[in-house]
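Within every chain, numbering begins at 1; the chains are lettered A, B, ... in the order of the sequence lines, protein sequences first and strands thereafter.
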2 protein chains.
Amino acid sequence: MPLDEIDKKILRLLQEDAHYTLKDIANKINLSLTPVHDRVKRLEKDGIIEKYVTLLDKKKLGNNLTVYCQVTLTKQTYDTSEGFNQSILNLPEVVECNYVSGNFDYMLKIIIPDMESYHHFHQKKLSVLPEVSLINTVFVISEVKSTTVLPI
Amino acid sequence: MPLDEIDKKILRLLQEDAHYTLKDIANKINLSLTPVHDRVKRLEKDGIIEKYVTLLDKKKLGNNLTVYCQVTLTKQTYDTSEGFNQSILNLPEVVECNYVSGNFDYMLKIIIPDMESYHHFHQKKLSVLPEVSLINTVFVISEVKSTTVLPI
DNA sequence: TACTTTTACAGAAAAATATTCTGTTTTAAT
DNA sequence: ATTAAAACAGAATATTTTTCTGTAAAAGTA
């Protein structure tokens with residue numbers, strides 16, 4: 001179960017580019033196809049590899065605004081939390097939602113076309129949720145870093 | 001350049017799973033291989049498709065703590081910002097970094113093994129940066145949603 | 001309208017890749 | 001020592017991607 005150095009090398013490569021071929025990987029780490037294939041399959045089976053996804057250019061898709069919403073609930077009960085969680089899962093603009101410590105309850109990340117869309121989202125989709133008491137918006141002015149690569 | 005409905009269907013599928021074959025996609029949208037292939041290549045060339053990546057299970061890799069750092073700089077000058085940005089790019093624990101509006105300057109997302117590692121990161125890597133004046137930490141207690149899928 | 005060009009598509013052939021199979025070497029366990 | 005289990009290499013097969021050829025539809029031009 002613990003990852004050896006070869007597993008880690010494979011994972012580092014696949015994190016970078018899910019379209020590396022087994023041959024690419026085999027060459028880069030000086031192995032034949034077989035062990036690379038077997039290891040990738042094992043890493044998938046064990047759930048170390050969660051999935052392969054395609055990342056799109058959000059701006060080219062017209063999503064020019066990113067904001068963080070700091071949300072406070074009306075009550076800190078289980079039912080309130082669960083209700084809020086379920087609603088969030090159905091909002092495609094919300095790409096991240098975490099229950100957090102501190103002066104508010106949830107930190108959300110929203111990706112959306114522009115300020116007008118955000119206004120609509122804020123007024124018609126988020127603040128209308130019965131569990132929501134307070135929303136504090138933090139606007140992203142400029143993206144410095146955004147990666148799916150985890151340190152291994 | 002504008003995306004038609006077929007492009008959008010392809011993008012929606014590829015966002016879900018970068019390992020769908022052309023045949024998979026062709027079947028799902030009732031087309032032959034050729035147009036699917038041509039469209040994917042065009043979407044790649046136009047940069048709508050940025051890259052294909054592999055998502056790993058952060059907890060199975062031992063990263064059990066996620067935190068947001070709200071960072072205030074010593075000065076709001078260009079040089080200070082640029083210096084900070086460059087430092088951040090070299091910190092693998094920082095998976096997101098955005099320059100933001102509000103009571104602080106930057107919102108960071110950190111993925112790290114545990115509180116001890118965070119303590120070390122905070123004291124030895126972040127607060128030591130000459131541009132950093134203040135750090136406010138928001139701890140993630142529970143992850144509700146995290147997706148790379150953009151609404152199309 | 002008639003003609004040309006371009007675009008989008010289907011089907012088949014070729015090339016590249018993933019998967020499976022066979023067997024060898026190494027390592028660990030008894 | 002002997003056996004069993006892992007890790008690997010190489011080859012065969014299956015699948016997928018890429019390229020090629022050709023057709024139909026759409027758009028542009030005279």
Whole-Å distance separating the [atom1] atom of [X] from the [atom2] atom of [N]:
{"X": "A:L22", "N": "D:dA14", "atom1": "CG", "atom2": "P", "value": "18 Å"}
{"X": "B:L14", "N": "D:dT17", "atom1": "CG", "atom2": "P", "value": "10 Å"}
{"X": "A:K23", "N": "C:dA15", "atom1": "NZ", "atom2": "C1'", "value": "10 Å"}
{"X": "A:D24", "N": "C:dT17", "atom1": "CG", "atom2": "P", "value": "7 Å"}
{"X": "B:H19", "N": "C:dT19", "atom1": "NE2", "atom2": "C1'", "value": "13 Å"}
{"X": "B:D4", "N": "C:dC9", "atom1": "CG", "atom2": "C1'", "value": "13 Å"}
{"X": "A:D17", "N": "C:dT17", "atom1": "CG", "atom2": "P", "value": "13 Å"}

TODO: Mind listing the closest non-hydrogen atom pair of A:C69 and A:L126 along with its distance?
DONE: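 It is SG-CD2, 4.0 Å.
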Task: Nearest non-hydrogen partners of A:K60 and B:D46, listed with the distance - done: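 Looks like NZ-O, 3.1 Å.
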Open item on the list: With a 4.5 Å cut-off on side-chain heavy atoms, are A:N136 and A:F104 touching?
Closed with: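 No - every pair of side-chain heavy atoms lies 4.5 Å or more apart.
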- [ ] Give me the bend of the helix from C:dT1-D:dA30 to C:dT30-D:dA1, using the axes of the five pairs at each end, rounded to 10°.
- [x]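 One end's axis against the other's: 30°.
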- [ ] Output every pair passing salt bridge (charged side-chain N to carboxylate O under 4.0 Å, His left out) with a member in residues 80-89 of chain B, not counting sequence neighbours, ordered by first then second residue.
- [x]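 Residue pairs with at least one partner in residues 80-89 of chain B: there are none.
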Open item on the list: Tell me whether the rings of A:Y99 and A:Y106 are parallel (<30°), tilted (30 to 60°) or perpendicular (>60°).
Closed with: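 Ring orientation, 0 to 90° scale: tilted.
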- [ ] For side-chain contact (heavy atoms from CB on, under 4.5 Å), just list the numbers for A:V100 and B:V67, CA-CA rounded to whole Å, side-chain angles, deciding distance to a tenth of an Å, and then say yes or no.
- [x] CA-CA 9 Å; A:V100 298; B:V67 309; over 6 Å; no
TODO: Using the side-chain contact (heavy atoms from CB on, under 4.5 Å) rule, take B:I10 and B:L13 through it: C-alpha gap first, then chi angles, then the decisive distance, then the call.
DONE: CA-CA 5 Å; B:I10 292 174; B:L13 290 169; 5.9 Å; no
Open item on the list: Heavy atoms only, 4.0 Å cut-off, all strands: where does A:I6 land among base, sugar-phosphate and nothing?
Closed with: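 If one applies the 4.0 Å heavy-atom cut-off, A:I6 turns out to touch the sugar-phosphate alone, with no base involved.
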Task: B:E143 bridged to B:K58 by N-O distance under 4.0 Å - done: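 Answer for the salt bridge query: yes.
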Open item on the list: Checking side chain to side chain contact (heavy atoms under 4.5 Å, CB included) between B:L33 and each of B:N27, B:L22, B:T21, which is the one that passes?
Closed with: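 Going through the options one by one, the only one that passes is B:L22.
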Task: Of residues 26-46 of chain A, the positions that come close to DNA chain C - non-hydrogen atoms, cut-off under 4.0 Å - done: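 Per residue number, the list reads A:H37, A:K41.
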